[in-house]
Amino acid sequence: MLFDVRPKEDRKDLYDRDKEIDEIKESVERKVWIAVYGMRRVGKTSVVNVAVNDPKYLVIKLNLMRIYNPKKKRYPKSSFISLFLESINEVIKKYTLGGRLTRLISNILGIDENSFIEFNLVKIRARLKRFRGDDVNSVVRELDLLAGDNKKTLILIFDEAQELMKVNGINFSSIFHDIYDYCKNTTVVFTGSSAGILENMLKSLEYEKPFFGRFIRRIRIEKFDERLSRDFLLKGFEEEGVKVTEDVIEKALKRFDGIPGWLTFFGSEYSFRVKHGEKADVEIIEKMAIEEVRKEIRDFILGTQSPERYSATILALDRLGGKGSVAEVTKVVNTILEEVPEPRIYEILNRLVDMGFIEKVGDEYFLPKDEPNRKGLVLASKDVLASPS
Ligand SMILES: Nc1ncnc2c1ncn2[C@@H]1O[C@H](COP(=O)(O)OP(=O)(O)O)[C@@H](O)[C@H]1O
Ligand SMILES: [Mg+2]
């Protein structure tokens, strides 16, 4: 169903994106590493899921949103290792891989094989400290061999990979180099909503030996244009058997600005309400989406060094009609807070761009055009200025 709000897995549930899927598949066939970029909710996870949903591939998905915490600057090593082992465990079960791999991991952890297969959290958690970066490599090398023996390609997906940079005590650069050097049946896929931050991570990887000179292919997932958005909504409502007026479609197109996640959320919620005889209107659903963003952004702002300055910067952009240069933003910020130097505002604006919350075109910074993101950002900033802790 097009309006299913979880990330899509099957081609039939994913609207459009043929080109992106082809690009990913072709890169995988050539063992070219890929980075899939795009704003939050544009469909990165869905496109990657659908592209790798093929029996030719052995797929390990590391969903780093599972360890994501906007209030934390760093994550302990154990949270990554635990996520890694859980993903390996899923794969062992899904492809019935057992044997050597299970033995290898339970040996490192110092637990019996059944405890790993059953994923006995008490036993595993107590032993996570034993698992080091090198052990991650041994496991990936073993998987690479297994994939090769079965004439498959191993695909390692790091979903929201910018979060890797916050993990303590693991040298990911060395892990990626090891995979690149020794795992000939393996390709790596990164996705990231915080484009600037992911890009920094990839660049440093690309410029180090032995990677040097090999480029990671960037694939950008864009919002739907108006024609696609309209068609997506019409097809989705048809699938749901729900009739909607042109007026409703128009409103939704205007407010959600082609962001697939919002269109899906809107379609799903609207259909549910119609089917259950509840009040269905665009405003109510838009509000729900705004609240979601408001909470996310508030958590992010509160996790920064200077929550008030971040908030004032966002509010300044809003007061400038949603766009402005550093100088303009600084002027407005200084009517909200006392003297904040321009270089500091410049840093904050660029950090917001790197995180994917606002955009930069030329020398100007822009708030997002869709209502949930724009209003969510503004409300979160007001929340923080009203009670900054
Ligand atoms: N092309 C698409 N067709 C149908 N639904 C989509 C499409 N792209 C995204 N979605 C939906 O939008 C939401 C966000 O997608 P997701 O893949 O999680 O985005 P991202 O990983 O970029 O944050 C999900 O509900 C997903 O089902
Ligand atoms: Mg995602």
Side-chain angles (χ1 to χ4, degrees), residues 1-25 34-53 59-68 70 83 87 155-164 189-198 218-240 252-253 255-272 285-286 288-289 292-293 295-297 300 355-357 359 368 370 372-373 376:
M1 297 290 265
L2 291 174
F3 289 165
D4 186 340
V5 292
R6 287 165 299 187
K8 305 298 196 280
E9 301 275 346
D10 288 319
R11 186 67 195 95
K12 64 172 177 16
D13 298 321
L14 189 77
Y15 180 79
D16 195 60
R17 308 297 194 202
D18 284 326
K19 184 170 156 279
E20 291 85 350
I21 290 175
D22 279 352
E23 283 177 14
I24 296 174
K25 289 193 143 229
I34 318 163
V36 177
Y37 287 102
M39 65 188 298
R40 280 167 192 68
R41 304 183 181 83
V42 79
K44 299 174 295 296
T45 303
S46 298
V47 168
V48 170
N49 281 348
V50 169
V52 305
N53 186 355
V59 183
I60 313 260
K61 287 182 196 170
L62 294 172
N63 174 8
L64 291 153
M65 281 327 267
R66 297 260 312 278
I67 61 174
Y68 176 71
L83 178 72
S87 315
I155 306 180
L156 275 178
I157 301 172
F158 292 88
D159 200 359
E160 297 295 348
Q162 71 274 343
E163 301 307 311
L164 292 178
V189 179
F190 303 98
T191 83
S193 302
S194 309
I197 298 175
L198 179 58
R218 271 71 163 172
I219 296 177
R220 227 194 140 68
I221 314 282
E222 301 289 350
K223 296 186 279 194
F224 292 156
D225 63 18
E226 185 161 335
R227 184 183 61 83
L228 286 183
S229 302
R230 174 184 293 277
D231 190 51
F232 173 73
L233 286 178
L234 294 178
K235 290 222 163 75
F237 281 120
E238 192 181 306
E239 230 180 32
E240 300 283 341
L253 291 180
R255 288 163 194 228
F256 299 123
D257 192 41
I259 299 174
W262 293 141
L263 296 172
T264 304
F265 175 69
F266 162 71
S268 154
E269 192 61 31
Y270 195 93
S271 304
F272 180 88
I285 300 170
E286 179 194 290
M288 295 166 75
E292 203 177 306
V293 176
K295 232 179 108 265
E296 280 170 20
I297 301 289
F300 164 76
M355 289 294 297
F357 294 140
E359 267 188 283
D370 65 293
N373 279 320

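Read the numbers this way: they start at 1 and go in the same order the structure lists the ligands and their atoms.
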Decide whether the shortest distance between a heavy atom of V5 and an atom of ligand 1 is less than 4.0 Å. yes

- With a 4.0 Å cut-off on heavy atoms, does L263 reach ligand 1?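 No, that is not the case, since the closest heavy atom of the residue is not under 4.0 Å from the ligand.
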
For [Y], is there an ion pair with [X] - N to carboxylate O distance below 4.0 angstrom?
| X | Y | value |
| --- | --- | --- |
| E292 | R41 | yes |
| K61 | E9 | yes |
| D159 | R66 | no |
| K235 | E239 | no |

Around [atom], find the nearest protein heavy atom and jot down its residue, atom name and distance.
| atom | value |
| --- | --- |
| atom 3 (N) of ligand 1 | Y15 N, 2.8 Å |
| atom 23 (O) of ligand 1 | R41 N, 2.9 Å |
| atom 17 (O) of ligand 1 | S46 OG, 2.6 Å |
| atom 12 (O) of ligand 1 | G261 CA, 3.2 Å |
| atom 10 (N) of ligand 1 | T264 OG1, 3.9 Å |

Any [X] side-chain heavy atom under 4.5 Å of [Y] side chain:
| X | Y | value |
| --- | --- | --- |
| I221 | E20 | yes |
| D257 | W262 | no |
| R11 | I21 | yes |
| V36 | I24 | yes |

Considering distance alone, does some N or O of [X] sit under 3.5 Å from an N or O of ligand 1?
| X | value |
| --- | --- |
| E160 | no |
| D4 | yes |
| F224 | no |
| K8 | yes |
| F232 | no |

Quick check against the 3.5 Å criterion: does K44 have a side-chain atom that pairs as donor or acceptor with the backbone of F190? no

Query raised in the report: Counting heavy atoms only, which of V47, N49, T45, L14 comes nearest to atom 7 (C) of ligand 1?
Result: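 Nearest heavy atom to atom 7 (C) of ligand 1 lies in L14.
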
Closest to atom 18 (O) of ligand 1 by heavy-atom distance, out of G192, G43, P7, S268, is P7

Worksheet entry | Parallel, tilted or perpendicular: ring planes of F266 versus F256, cut at 30 and 60 degrees | tilted

Practice task
Could you check F3 against Y270 for ring pair (Phe, Tyr, Trp, His ring centres under 6.0 Å), going step by step and ending with a plain yes or no?
Solution key: CA-CA 10 Å; F3 289 165; Y270 195 93; 9.6 Å; no

Enumerate the atoms of ligand 1 whose separation from the nearest heavy atom of [X] is less than 4.0 angstrom.
| X | result |
| --- | --- |
| M39 | 22 (O) |
| V42 | 8 (N), 19 (O), 22 (O) |
| R6 | 24 (C), 25 (O), 26 (C), 27 (O) |

Measuring to the Mg ion (ligand 2), does T45 have an N/O/S atom at a distance below 2.8 Å?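 Checking the Mg ion (ligand 2) against T45, an N, O or S atom does fall under 2.8 Å.
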
